[in-house]
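Start at 1 and go down the list; that is how both ligands and their atoms are numbered.
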Amino acid sequence: MIHEFNMTVDVDPKQLALSQGRIDLEIRVRDYSRRNGGDGNFAFVTEKMVVDTISPSIRAISRNNNAKVGGTGLLVYQTSSDSVESGIFVDDIFFPGYPVTKENDDGMKICYFAIPYDVKGHPNLFLWAKDNAGNTSNKTFYCYICKKRFKNDKIKITDSFLKRVLPYFSYYIQDSQGTDIEHFLRINRELREKNNLALKEMISNPDPNQLWNGTWLRLKNSATMARFADHRSYFYKGSKIDTKYHMGIDLASLSNAKVGACNHGLVIFTGRLGIYGMTVVLDHGQGLASMYSHLSEITVEDRQKVSRGDIIGLTGKTGLAGGDHLHFSIMVNGVFVNPVEWWDSHWIRDNISRKLALLKQNDNP
Ligand SMILES: [Zn+2]
């Protein structure tokens, strides 16, 4: 008869003075039976294991690291070869790093990170790495954080606006009793939250390669109607009913204007996305993604590769939109950042291209 039980055995390499490297762990079990000449039944198993109590090493390579509040930062860093996962923490938000080459034998990695628009004071920034045995390392690195003041904006909610937009959300509000303005508030609060979580989830497994190149495009011949991180106050019949931050840039051109992909990438979402209406999301690799919302028409398919400038749809006013415009967002690992930086070739040169060029120098010593 076989008796089964589970038992946990802790092996402390330090206490046993084990050296680093391969060990054989042998487990012997003897029972109380006396059938075999008094020795009892006996069994043993051997497990091959590795003693590793040394944390992976990690160090920043790029200097002159600057980032604006609400903006993007890039760090080139190097880890020891035992590291299996690494990246940057900005307070408690983790941004994964990506190997520069497939072989990654020199441990060089890059990591895009965001300084959230609502960060409190100077955030705690540090590099982090983990090895196979679960040992971890932290290392702080220098990054100059430039403060930014965001603007205030007033939005008037009118009955005619509600009459026009609420039918689009009938699937969401059909079961709830309430006035039009109560429905609006549910959409502006709960649904917005849900949509942002869905976006985060959508881009949680990005392409590990850089798919983009050069300066990013802005909607052609368009005027800026709302800026990134505008603090919006919503008014209805003269009283303030809500406040929200605007996590993208609103660009207006002609009605049903053609919308081009801001850079090369892969389509990872097409369809309705709550308050954002008809939306396309592109993965640009290594955690960078762009989003195009309130479209009247989508002309690309899921998993389609696109090049910079390829038409992905037409502007419109689907979702929570006052009029025909494009809501454009850029995200770094699911955190919204200011797209203005990515439209600026000087910013890209100083903050991205120069750092990536360091890696090419490393290739040819
Ligand atoms: Zn917008």
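Every salt bridge (charged side-chain N to carboxylate O under 4.0 Å, His left out) that R28 has, sequence neighbours left out, goes to E26. Scored by the salt bridge (charged side-chain N to carboxylate O under 4.0 Å, His left out) test, R272 finds no partners at all (sequence neighbours excluded).
Checking H325 against the Zn ion (ligand 1), every N/O/S atom stays at or beyond the 2.8 Å cut-off.
Between the Zn ion (ligand 1) and the N, O or S atoms of D250, the shortest distance is to OD1. Taking the Zn ion (ligand 1) as reference, H327 places its N/O/S atom ND1 nearest.
Figure legend: cation-pi geometry between K154 and F235, with NZ or CZ positioned under 6.0 Å from the six-membered ring centre and within 45° of its axis.
When F126, F95, F141 are each tested for a ring-ring contact (aromatic ring centres under 6.0 Å, His included) with F89, only one passes: F126.
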